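Here is how names work: the chains are called A, B, and so on, in the same order as the sequence lines, proteins then strands, and each is numbered from 1. Quantities reported herein were computed from a predicted structural model and do not represent experimental measurements.
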Amino acid sequence: MTPVVSRFAPSPTGLLHSGNYRTAIFAYLFAKHSGGKFIVRIEDTDAARSKPEYEKNIFEALVWLDLPADETYRQSDHRARHRELLEKLIVEDVAYVSKEAPQAPGDRAEVIRFRNQGGVIAFTDVIRGSIATDVTDLGDFIIARSLDEPVFHFAVAVDDADEGVTHVIRGADHISNTARQILIQRALNLPEPRYAHLPLILDKAHKKLSKRTGAKALTEYRDIGVLPEAFLNYLALLGWNPGDDREYLSRDELIKAFDLSRVQKGSAVFDEVKLFSVNQHWMRKLSVDDFIAHLNVGRTTSYMDSEMLRRAVPLLKERAHTFSEAREMLFGELSCLFAKTSLDHTLLLVKELPERPGMTKRALEALSAALQALPEGVSAEAVKEALMPLADLEEAKGKGGRGALLWPLRYALSGRERSPDPFTLVSILGHAEAVSRVQTAIAILEK
RNA sequence: GGCCUCAUCGUCUAACGGCUAGGACAGCGCCCUCUCACGGCGUAAAUCGGGGUUCGAUUCCCCGUGAGGUCACCA
């Protein structure tokens, strides 16, 4: 059995989106599952639209996703070979130079066309089964603008054969191109690869994902702090499933389980919310050090005590779905961990009962005493055990409930109406800092 | 419009022709709770329609319908 060789063949004419990289992921997983080769070929035959920065972006993305190519090609490097075969076809009169009336700016007065004999071309798609196309209506299609400028169909047929590609895994939007490419292969006597056309990924409007309609470039997801393992996981399960109930698979598990026979035929809608949910799963699996590295807040560490940051990681894992969201929290609702915020006198008294004036202050004093009695480095659970009995105390009972005490405490510690619970805050801040903040609150009440 | 392809909850999907059509994400509700989040429990939600084949169709066949793709001197 010949080893599998798959390829990812993007054209560097723009930033690639999730749909493009999903085909790369499937091609990679398929090759690696069988221990075969994964090739990346940059299809830059359109010299006018191909840009080096787009090519750079593609490789950046593949590095980020960790989809290393066993071999890398640039289609334009094969110009001599393409020319040789083009000349051969012309000599054999399978192709011919045709005079044209240019229709659009940039059109040539002379192109190379394939002498199409017509008839039905059929192939067996690994995913969809038999697909037949009547190529008669294709006419004598163009295979090159000139001897040195082959067009996509021609270059693909030649390169796939020259590079030993056994499986062409690409989007279903290429189905109708396949017959044309087979025609060229046959004329050139090239081996015919197996084809697997993947279901398309659709946007919310159920249209093919495209940058024109707002699909994000993959690197945008990287930049807002999506983990590559999450992206890989989510995209692999869009149009494929491992055959069991697993929803979260590591890259090794994906390679092990991947199988073209379980690829869906129907297209799938890209759901960012689910991607973020998968991302949260993988964020939670990160070690504290790795998590902080991904946070990438190095420049602000003078503001953020690094020990405090470490202690905040569990809170961030609990809340954030992306690292940019985590950063927002750090500077927003969790900023109270790193700096005291000014307290609003009326907010502090929000749970004060009119019939029991001074209750808030007395509660905070009792809490302050209880906090000082706590040993250093206690868990949130231990803090809760120590403070909860106070919250249930006589004076707080009735209408105010535990909130009569817990609210001023949490507000004194965080300066915010929304924040983690007070026990967690104490355990993170340390009781010295916690006591100092409570004292500050008491001082405000005394004024 | 021609040609090609596809069709299970809102979304991603599972179900040798045979359980009450299962799971996940998102909803919703309850619990936990001073808030936010987490968590726990629960709930709603689907086989596009019509014909066949069969003892029995989500599953196989046909016809509709719908959706998408493609019809470049772009890939």
Between Asp173(A) and Glu247(A), who's closer to the 5' end of RNA chain B by nearest nucleotide?
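Comparing both residues, the 5'-ward one is Glu247(A).
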Residue mapping more 5' on RNA chain B - nearest nucleotide basis, Trp407(A) or Val151(A)
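It is Trp407(A), whose closest nucleotide lies nearer the 5' terminus.
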From the options Arg79(A), Glu87(A), Arg81(A), select the one residue that forms a side-chain contact (heavy atoms from CB on, under 4.5 Å) with Arg83(A).
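Of the listed options, the one satisfying the test is Glu87(A).
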Would you indicate what [X] reaches in the nucleic acid, counting non-hydrogen atoms under 4.0 angstrom: base, sugar-phosphate, or nothing?
X         : result
Thr13(A)  : nothing
Arg128(A) : sugar-phosphate
Ala132(A) : sugar-phosphate
Pro420(A) : base
Lys207(A) : sugar-phosphate
Thr45(A)  : sugar-phosphate
Glu417(A) : base
His197(A) : nothing

Looking only at the side chain of [X] (C-beta and beyond, no hydrogens), which of the listed nucleotides [options] gets closest?
X         : options                   : answer
Val273(A) : rU35(B), rG68(B), rA26(B) : rA26(B)
Leu200(A) : rU35(B), rG68(B), rU70(B) : rG68(B)
Arg410(A) : rA75(B), rU5(B), rU35(B)  : rU35(B)
Phe152(A) : rC36(B), rA75(B), rC6(B)  : rA75(B)
Asp421(A) : rU11(B), rU35(B), rC4(B)  : rU35(B)
Arg284(A) : rG68(B), rG39(B), rU5(B)  : rG39(B)
Glu318(A) : rC4(B), rA24(B), rA37(B)  : rA37(B)

For residues Met308(A) and Ile428(A), determine if any side-chain heavy atom of one lies less than 4.5 Å from a side-chain heavy atom of the other.
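Yes, side chains in contact.
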Rounded to the nearest Å, what distance is computed from the [atom1] atom of residue [X] to the [atom2] atom of nucleotide [N]?
X         : N       : atom1 : atom2 : result
Met329(A) : rC36(B) : CE    : C1'   : 9 Å
Leu334(A) : rC38(B) : CG    : C1'   : 13 Å
Asp159(A) : rA75(B) : CG    : P     : 12 Å
Lys274(A) : rG27(B) : NZ    : P     : 13 Å
Asp203(A) : rG69(B) : CG    : C1'   : 14 Å
Asp125(A) : rU5(B)  : CG    : C1'   : 10 Å
Asp271(A) : rG10(B) : CG    : P     : 14 Å
Tyr234(A) : rA24(B) : OH    : C1'   : 12 Å

What interatomic distance, in whole Å, is found between [atom1] of [M] and the corresponding atom of [N]?
N       : M       : atom1 : answer
rA7(B)  : rC16(B) : P     : 16 Å
rG10(B) : rG1(B)  : P     : 27 Å
rG40(B) : rG49(B) : P     : 36 Å
rG68(B) : rG52(B) : P     : 31 Å

Do Arg319(A) and rC36(B) share a donor-acceptor pair, side chain to base, under 3.5 Å?
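Checked by distance alone, the answer is yes.
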Please evaluate the base of rA7(B) for a donor-acceptor partner in the side chain of Lys265(A) within a cut-off of under 3.5 Å?
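Under the 3.5 Å cut-off, the side chain and the base do not form any donor-acceptor pair.
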What is the pairing partner of [N], taking Watson-Crick or G-U wobble pairs with both distances under 3.5 Å in any strand?
N       : result
rG68(B) : rC4(B)
rC73(B) : none
rA24(B) : rU11(B)
rU35(B) : none
rU58(B) : none
rC30(B) : rG40(B)

Report yes or no: do [X] and [Y] form a side-chain donor-acceptor pair below 3.5 Å?
X         : Y         : result
Tyr73(A)  : Gln75(A)  : no
Asp159(A) : His78(A)  : yes
His82(A)  : Thr45(A)  : no
Tyr96(A)  : Asp140(A) : yes

Give me the ring orientation class for [X] and [Y]: parallel if the planes are under 30° apart, tilted from 30 to 60°, perpendicular past 60°.
X         : Y         : result
His197(A) : Phe123(A) : perpendicular
Phe258(A) : Phe30(A)  : perpendicular
His294(A) : Phe323(A) : parallel

For the pair Glu333(A) and Ser419(A), evaluate side-chain hydrogen bond (donor to acceptor under 3.5 Å, both in side chains) and give the outcome as yes or no after the intermediate values.
CA-CA 6 Å; Glu333(A) 60 192 274; Ser419(A) 77; over 6 Å; no
Is it the case that over 12 heavy atoms from other parts of the model lie below 6.0 angstrom from the CD atom of Glu272(A)?
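Yes, enclosed.
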How about CZ on Arg418(A), more than 12 heavy atoms from neighbouring residues, nucleotides or ligands closer than 6.0 Å, or not?
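It does not: Arg418(A) CZ has 12 such atoms or fewer within range.
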Looking at [Y], I'd like to know if the NZ or CZ of [X] sits under 6.0 Å from its six-membered ring centre while staying within 45 degrees of the ring's axis.
X         : Y         : answer
Arg180(A) : Phe141(A) : yes
Arg410(A) : Trp407(A) : yes
Arg22(A)  : Phe26(A)  : yes

Counting only heavy atoms and a strict 4.0 angstrom limit, can you tell me which residues of residues 176-186 of chain A come near RNA chain B?
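Listed by number, they are Ser176(A), Asn177(A).
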Check RNA chain B against residues 103-116 of chain A and give the residues with a non-hydrogen atom under 4.0 Å, in numerical order.
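Contacts with RNA chain B under 4.0 Å: Asp107(A), Arg108(A), Val111(A).
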If you compare every side-chain N and O of Lys208(A) against the phosphate oxygens of rU70(B) (OP1, OP2), does one of them come in below 4.0 Å?
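Indeed, a polar side-chain atom of Lys208(A) lies that close.
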Produce the list of close N/O pairs, under 3.5 Å, pairing protein atoms with atoms of nucleotides 13-16 of chain B; give distances to one decimal.
residue: rU13(B); atom: OP1; partner: Gly239(A); partner atom: N; Å: 2.5
residue: rU13(B); atom: O3'; partner: Asn241(A); partner atom: ND2; Å: 3.1
residue: rA14(B); atom: OP1; partner: Asn241(A); partner atom: ND2; Å: 2.3
residue: rA14(B); atom: OP2; partner: Gln264(A); partner atom: OE1; Å: 3.3
residue: rA14(B); atom: OP2; partner: Gln264(A); partner atom: NE2; Å: 3.0
residue: rA15(B); atom: OP1; partner: Arg262(A); partner atom: NH2; Å: 3.4

